[in-house]
Novice: 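Encoded as structure tokens, here's the structure I'll be asking about.
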Amino acid sequence: MPELPEVEICARELSAHLRGQTIRRIETPDNKIHLPRDLAGCRIKEIDRRGKFIIVQLEDERRILIHLGMTGWFVFRPPSKYRLALEVNDGAAYFEDPRRFGKVRLVSAAQQEQLLAELGPEPLAPGFNLRHLKRTGRPIKVALQDQHLVAGVGNMYASEALWRAHIHPKRPADRLADDELRRLRKSIVYVLRKAIAYGPQIYEVQRFTVYRRKGEPCHRCQTPIERLVLGGRSAYFCPQCQRFDRGSPRT
DNA sequence: AACGTACCCTGCCGGC
DNA sequence: TGCCGGCAGGGTACGT
């Protein structure tokens with residue numbers, strides 16, 4: 001499940017292969033992806049990321065906005081099945097996405113601005129903080145995954161960051177103390193940065209402390225990890241380290 | 001407005 | 001061994 005780190009790595013790889021190149025041909029075998037043929041001849045100026053979106057900036061100020069969905073990623077040699085091929089003068093990028101939840105669309109600069117304006121702050125940008133989460137009473141994990149509140153955090157890194165910060169996923173966001181929010185902010189930045197540091201190997205070297213480890217021992221206290229469903233999504237946590245009724249961890 | 005839920009889609013897992 | 005139902009899980013659209 002691509003979240004901020006995976007999307008960041010994907011964007012960097014795309015940049016390495018496509019930046020400065022001119023589009024030669026676009027192929028969209030998937031009937032849910034539509035890109036105009038006239039993109040051929042257009043030069044790719046820059047590739048950026050905002051939240052979980054990849055932004056391919058074209059020379060003519062149009063942008064290809066890409067969301068990887070759950071199973072999307074790019075490869076640079078033709079795979080057996082792909083939803084989009086972007087051929088450039090020196091190479092090509094192929095969009096693989098078995099579950100087809102990914103989205104690709106061409107937008108104007110103004111449309112991009114409008115779409116991405118609704119995203120919350122970037123966790124890795126300077127000045128990032130979680131003070132605004134005090135304005136919602138939703139469970140903290142649900143709030144963290146709301147892209148309007150924090151951009152780029154999804155199910156796995158939300159669980160990982162909450163474990164690291166000793167905070168129960170169900171705690172109402174508006175009842176977190178200042179030091180808890182501070183701890184959580186640091187934990188988010190830590191888990192995201194660490195994942196990005198893995199680089200393209202991320203899918204092979206991913207090591208989770210709680211995510212998908214139900215029943216296995218907590219890395220800190222050996223208590224079996226538990227799973228609960230929040231906002232229709234799995235939350236993994238250590239019932240010992242992340243008490244619902246106790247704000248602060250024992251240090 | 002804010003929150004909960006169904007849906008999209010397909011690979012994979014467990015049960016029989 | 002093989003089949004099959006159900007689940008996971010991003011975002012979004014919709015109902016309350």
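All values reported here derive from a predicted model rather than from experimental measurement. So you know, we letter chains A, B, ... as the sequences are listed, proteins then strands, and number each from 1.
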Novice: With respect to the side chain of F53(A), which nucleotide from dT10(B), dT12(C), dC8(B) is positioned closest?
Specialist: dT12(C)
Novice: Which nucleotide sits closest to the side chain of R138(A): dG10(C), dC3(B), dG9(C)?
Specialist: dC3(B)
Novice: Within the structure shown, what part of the strands sits under 4.0 Å from T71(A) by heavy-atom distance: base, sugar-phosphate, or nothing?
Specialist: nothing
Novice: To the nearest angstrom, how far is L65(A) atom CG from dT12(C) atom C1'?
Specialist: 15 Å
Novice: Separation of R213(A) atom CZ from dA8(C) atom P, in whole Å?
Specialist: 19 Å
Novice: Taking atom C1' of dT5(B) as reference, at what distance in whole Å does atom CD of Q145(A) sit?
Specialist: 16 Å
Novice: Between Y211(A) and dA8(C), does any side-chain N or O lie under 4.0 Å from OP1 or OP2?
Specialist: no
Novice: Against E180(A), only a single residue in R171(A), K134(A), R175(A) fulfils salt bridge (charged side-chain N to carboxylate O under 4.0 Å, His left out); can you say which?
Specialist: R171(A)
Novice: Nearest whole angstrom, please: distance from the P of dC7(B) to the CZ of R100(A).
Specialist: 19 Å
Novice: Mind checking if K32(A) touches a base, just sugar-phosphate, or nothing, with heavy atoms under 4.0 Å?
Specialist: sugar-phosphate
Novice: Checking contacts here: which listed nucleotide (dT12(C), dA8(C), dG9(C)) is nearest the side-chain heavy atoms of R227(A)?
Specialist: dA8(C)
Novice: Of the nucleotides dT12(C), dG4(B), dG10(C), which has the atom closest to the E3(A) side chain?
Specialist: dG10(C)
Novice: Do any side-chain nitrogens or oxygens of H67(A) fall under 4.0 Å of OP1 or OP2 in dG10(C)?
Specialist: no
Novice: At 4.0 Å (heavy atoms only), tell me whether R212(A) reaches a base, stays on the sugar-phosphate, or touches nothing.
Specialist: sugar-phosphate
Novice: Can you see if the side chain of Q147(A) gets near the phosphate of dG11(C) - specifically, an N or O under 4.0 Å from OP1 or OP2?
Specialist: yes
Novice: Measure from the side chain of P98(A), starting at C-beta and using heavy atoms only, and say which of dG9(C), dC8(B), dG11(B) lies closest.
Specialist: dG11(B)
Novice: Expressed as a whole number of angstroms, how long is the span from D97(A):CG to dC8(B):P?
Specialist: 17 Å
Novice: Could you tell me which nucleotide pairs with dT1(C) by Watson-Crick or G-U wobble geometry, both distances under 3.5 Å, or answer none if nothing does?
Specialist: none
Novice: Below 4.0 angstrom, N of the basic side chain to O of the carboxylate: do R49(A) and E122(A) qualify?
Specialist: yes
Novice: Quick one: on DNA chain B, does G137(A) or R233(A) contact a more 5' nucleotide (nearest heavy atom)?
Specialist: G137(A)
Novice: Determine whether L115(A) and R105(A) make a side-chain contact, defined as any pair of heavy atoms from C-beta on separated by less than 4.5 Å.
Specialist: yes
Novice: If you look at every strand shown and take non-hydrogen atoms under 4.0 Å, does K52(A) touch a base, only sugar-phosphate, or nothing?
Specialist: sugar-phosphate
Novice: In whole angstrom, give the distance that lies between atom CZ of R99(A) and atom P of dT10(B).
Specialist: 10 Å
Novice: How close do D97(A) and G102(A) get, heavy atom to heavy atom, and via which atoms?
Specialist: OD2-N, 2.9 Å
Novice: Is the terminal nitrogen or CZ of R213(A) (NZ for Lys, CZ for Arg) located under 6.0 angstrom from the six-membered ring centre of W163(A) and within 45° of that ring's axis?
Specialist: no
